[in-house]
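None of the values given here were measured: they were computed from a predicted structure. Order of the sequence lines fixes the chain letters, A, B, ..., with proteins taken first and strands second; residue numbering starts at 1 for each chain.
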Amino acid sequence: MQKPTLPKGTRDFGPEQMRKRLFIFDTIRQTFQRFGFQPLETPSMENLSTLMGKYGDEGDQLLFKILNSGDFAGSLTEADLQAGSKKLTPKISEKGLRYDLTVPFARYVVMNRNNLPMPFKRYQMQPVWRADRPQRGRYREFYQCDADVVGTDSLLCEAEIILMIHEVMRNLGMQHFTLKINNRKILAGIAEAIGMPGQEGPLSVAIDKLDKIGKDKVLDELRERGFSEEAITKLEPLFGFDNASTADTLTMLASWLDASTTAQQGVAELQETLQLATMAGLENAQIDIDPTLARGLSYYTGAIFEVKANGVSIGSISGGGRYDNLTGAFGMPGLSGVGISFGVDRIYDVMDELNLFPAGTGQGTQVLIVPFDADARGVALPLVTQLRAVAIPAEVYPDLAKVKKMLDYANAKQIPYVVLIGSEEVQTGQLTVKNMVTGEQQKIAQADVASFVRQR
RNA sequence: GUGAUUGUAGCUCAGUUGGUUAGAGCGUCGGAUUGUGGUUCCGAAGGUCGCGGGUUCGAGCCCCGUCUUUCACCCCA
């Protein structure tokens, strides 16, 4: 018999991992709901026509495609096979697994445009798939938690995203993070300012790597991408933002890029966004205005966000931004939206590495009831029902096994309390409650077990 | 997609220049204890050495392919 294996880049999540993951999901969901976002789920698979072309060429390549059902090769000709995989794909596959949650959301909005209250705020927590090569913090199947608003271009939405990120991080117990913010309009303005208007794409790709490969290599890459020495010289101010405060950064950007109306607009947007966030009561902001922050997804047009955990070498744990025309691709132009996406799997990796999960995260069974014989069940079963009725997770050991075995079971499941019920307990009505951490045990009347366990 | 890297018991790892029957610790299961665990002692189970092919009298060890792991690039949560 062959040993079973998992597909590359996928994982099982055992009970212990799931408890921690649910802690993350619950924390994020609470915040999303508190900010007025409504839940949405969409299918795992979408038509390829919905997905293709939304994430750039690279993204198209990373889409998992689903082979057509039935005789998918039936009508293929020799010429089709010769034409290469790119031409062949649409003939044998018309569906794919979703790559993110934003594009399916845009599709949903367009299909339901007449029934949605605008602005429409939705959150969505589902897996996405990318045919990437797995690495640390990078999986082929992973969960995203998205919150998006469409139907308004108010910067209040950006401000609320900043508030939500701070709230989520703090509720998770991740105190040490950095929220990097930039604006695509500033990137466009930089391209203008150095005499390469419209070239913010290649520019972004290079300068985004600044903190990773350093200034010199960024400049080398720009030269390779056809940027002149003159342009590179004009870019010099970009490298002077390192330790500037938020306010100083904005001032410096405004004066450096004063010739570009686009850039001025970007700076003004950031300014107003921060102002609104402050007005809403944001304290101890962990914001870093970073003009080198780019982000790959091609549909962003305004603010862009990225969250990194400090002191861990895992990529960004959250990212997002404003997109002005995502629904345009589905025949509904002019609908602006802005959103944020939390990467649960990376958040998990960071919290696990830094030991940030609170002790007893998602504690399972609280009380194990151990009847020694069939008579004892007459006491055990009413008791377990009684505990469950007051929301104390409890279970009865199902077999009449040796006590040692049943206590081992409690240890294995880290159950803090065991109620032992033998003939003596049945007769007196005083049950033996054992604290599995301290080893202490005492007699307690059945009616008082719940409140005893509750106290701690 | 490009270039490296890894794989031996459930887990972490030994395994000599290629040489009989592949080992240890931890864990699991049973017992010492017919109403008391996390300590101790005794015992047992568990491996076609990732998979397929090749070289050799002989392969866990050498060669090729493949899958998997990890890492860099690309890109990204």
Return the orientation label for the Y417(A) and F452(A) ring planes: parallel under 30°, perpendicular over 60°, tilted otherwise.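 The arrangement is perpendicular - the two ring planes meet at more than 60°.
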Do the ring planes of F357(A) and Y348(A) sit parallel (below 30°), tilted (30 to 60°) or perpendicular (above 60°)? tilted
Can you tell me, in whole Å, how much space there is between the [atom1] of [N] and that of [M]?
N: C75(B); M: C62(B); atom1: C1'; result: 38 Å
N: A24(B); M: G31(B); atom1: C1'; result: 24 Å
N: C61(B); M: G18(B); atom1: C1'; result: 6 Å
N: G19(B); M: G43(B); atom1: P; result: 31 Å
N: G27(B); M: C13(B); atom1: C1'; result: 14 Å
N: U16(B); M: A59(B); atom1: P; result: 16 Å
N: G30(B); M: C67(B); atom1: C1'; result: 38 Å
N: G60(B); M: C51(B); atom1: C1'; result: 14 Å

Do any N or O atoms of the protein come closer than 3.5 Å to N or O atoms of nucleotides 38-44 of chain B, and which pairs are they?
{"residue": "G38(B)", "atom": "N2", "partner": "M436(A)", "partner atom": "O", "Å": "3.4"}
{"residue": "G38(B)", "atom": "N2", "partner": "V437(A)", "partner atom": "O", "Å": "2.8"}

Side chain of [X], heavy atoms from C-beta onward: which of [options] has the nearest atom to it?
X: L420(A); options: G35(B), G1(B), C74(B); value: G35(B)
X: K402(A); options: G35(B), A32(B), C76(B); value: A32(B)
X: S423(A); options: C75(B), G1(B), G35(B); value: G35(B)
X: R130(A); options: A77(B), C74(B), G35(B); value: A77(B)

Mark yes when over 12 heavy atoms from residues, nucleotides or ligands other than Q430(A) sit less than 6.0 Å from its CD; otherwise mark no.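 Yes, CD of Q430(A) has more than 12 neighbouring heavy atoms, counting only those of other groups under 6.0 Å.
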Under 4.0 angstrom, heavy atoms only, what part of the nucleic acid is G315(A) near: base, sugar-phosphate, or nothing? nothing
Could you tell me whether V205(A) contacts a base, only the sugar-phosphate backbone, or nothing, with contacts defined as non-hydrogen atoms closer than 4.0 Å?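 The residue V205(A) makes sugar-phosphate contact but no base contact.
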Using Watson-Crick and G-U wobble pairs with both distances under 3.5 Å, what is the 5'-to-3' dot-bracket string of RNA chain B, with [ ] for crossing pairs and | for pairs outside the strand? ((((..(..((((.....[...)))).(((((.......))))).....(((((..]....))))))..))))....
Going 5' to 3' along nucleotides 68-73 of chain B, which nucleotides have protein heavy atoms under 4.0 Å from the base (write B), which only from the sugar-phosphate (write S), and which from neither (write -)? SS-SBB
Step by step, work out the side-chain hydrogen bond (donor to acceptor under 3.5 Å, both in side chains) result for R322(A) and S336(A). CA-CA 7 Å; R322(A) 178 169 288 277; S336(A) 185; 2.7 Å; yes
From the list F342(A), F105(A), F35(A), F32(A), ring-ring contact (aromatic ring centres under 6.0 Å, His included) with Y123(A) holds only for F32(A)
Would you say K308(A) places a side-chain N or O within less than 4.0 Å of OP1 or OP2 belonging to A77(B)?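 Answer is no, no contact under 4.0 Å.
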Close side-chain approach of K65(A) to T89(A), heavy-atom, < 4.5 Å: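 Heavy-atom side-chain distance check passes, below 4.5 Å.
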Face-to-face stacking of F142(A) with A77(B), centres under 5.5 angstrom, angle under 30°: yes
Run the side-chain donor-acceptor check on residues 406-413 of chain A: report pairs under 3.5 Å with partners two or more places apart or on a different chain.
{"residue": "Y409(A)", "atom": "OH", "partner": "E395(A)", "partner atom": "OE1", "Å": "3.0"}
{"residue": "Y409(A)", "atom": "OH", "partner": "K413(A)", "partner atom": "NZ", "Å": "3.4"}
{"residue": "K413(A)", "atom": "NZ", "partner": "E395(A)", "partner atom": "OE2", "Å": "2.8"}

Quick one about Q442(A) and T432(A) (side-chain donor to acceptor, distance below 3.5 Å, no hydrogens or angles considered), yes or no?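 Not at all, the side chains of T432(A) and Q442(A) share no donor-acceptor pair under 3.5 Å.
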S341(A) or E221(A), whichever maps to the more 5' nucleotide of RNA chain B: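 Closest to the 5' end, via its nearest nucleotide, is E221(A).
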Could you give all pairs that pass the ring-ring contact (aromatic ring centres under 6.0 Å, His included) test and reach residues 135-154 of chain A, with sequence neighbours left out?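 Listed once each, the pairs are F25(A)-Y143(A).
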Assess whether a salt bridge exists between D349(A) and R346(A), defined as any Lys/Arg side-chain N lying under 4.0 Å from an Asp/Glu carboxylate O. no
List, one per line, each side-chain donor-acceptor pair under 3.5 Å for residues 162-175 of chain A, sequence neighbours excluded.
{"residue": "H166(A)", "atom": "ND1", "partner": "I162(A)", "partner atom": "O", "Å": "2.9"}
{"residue": "H166(A)", "atom": "NE2", "partner": "Q286(A)", "partner atom": "N", "Å": "2.8"}
{"residue": "E167(A)", "atom": "OE2", "partner": "T31(A)", "partner atom": "OG1", "Å": "3.3"}
{"residue": "E167(A)", "atom": "OE2", "partner": "R34(A)", "partner atom": "NH1", "Å": "2.5"}
{"residue": "R170(A)", "atom": "NH1", "partner": "E283(A)", "partner atom": "O", "Å": "3.2"}
{"residue": "R170(A)", "atom": "NH2", "partner": "E283(A)", "partner atom": "O", "Å": "3.3"}
{"residue": "R170(A)", "atom": "NH2", "partner": "N284(A)", "partner atom": "O", "Å": "2.6"}
{"residue": "R170(A)", "atom": "NH2", "partner": "Q286(A)", "partner atom": "OE1", "Å": "3.2"}
{"residue": "N171(A)", "atom": "ND2", "partner": "E167(A)", "partner atom": "O", "Å": "3.4"}

Output yes when a side-chain donor or acceptor of D132(A) lies under 3.5 Å from a complementary backbone atom of P134(A), and no otherwise. no
